[in-house]
Amino acid sequence: MNQPGQLTKSEILSQPEAWAATMAIVREQTAAISRLWRESRPDTVVFTGCGSTYYASMLAAAALRMLAGIDARAAPASDLLMY
């Protein structure tokens, strides 16, 4: 049996590797992301997440509003199902 909190600890310790992998994908797809952004010109961007990623989505929304002047907001992912 796992010790109490072991799953949470494992998840926390995996974060540096997960973020590094995510950033590698973003770097590889920079041209495609830029093209999509230019072509779609969104009026509003909604960032979603659950738990810690919801808090990260709040930060991302605030940064996009401040840096790009685009309406951006964060919503818990569960709200997408309900609304």
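- Residues that satisfy the salt bridge (Lys or Arg N to Asp or Glu O under 4.0 Å) test with R73, not counting sequence neighbours, are D71.
- Atom CD of Q29 and atom CZ of R35 lie 9.0 Å apart (nearest 0.5 Å).
- With hydrogens and angles disregarded, a donor-acceptor distance shorter than 3.5 Å links the side chain of S40 to the backbone of L36.
- Within the model, atoms SG of C50 and CG of D79 stand 9.5 Å from one another, a figure rounded to the nearest 0.5 Å.
- Counting non-hydrogen atoms of other residues, nucleotides and ligands closer than 6.0 Å to CD of Q15 gives a total above 12.
- Under the 4.5 Å side-chain heavy-atom criterion for Ile, Leu, Val, Met, Phe, Trp and Tyr, Y55 and I12 are members of distinct hydrophobic clusters.
- The CZ atom of R38 sits 11.5 Å away from atom CD1 of I33, with the distance rounded to the nearest 0.5 Å.
- Two different hydrophobic clusters hold Y54 and L59 under the rule that ILVMFWY side chains link at heavy-atom gaps under 4.5 Å.
- With rounding to the nearest 0.5 Å, the separation of CD in E11 from OG in S52 is 9.0 Å.
- Here the shortest heavy-atom pairing between A72 and A61 reads CB-O, 3.5 Å.
- F47 is not listed as a side-chain neighbour of T53, based on a closest heavy-atom distance of 4.5 Å or more.
- Side-chain contact between S34 and T30: present, with at least one pair of heavy atoms (C-beta onward) separated by less than 4.5 Å.
- For the pair D43 and I70, the tightest heavy-atom approach, listed with the atom from each and the gap, is O-CG2, 3.7 Å.
- The two residues T48 and A77 come nearest to each other via the heavy atoms CB-CA, 4.2 Å.
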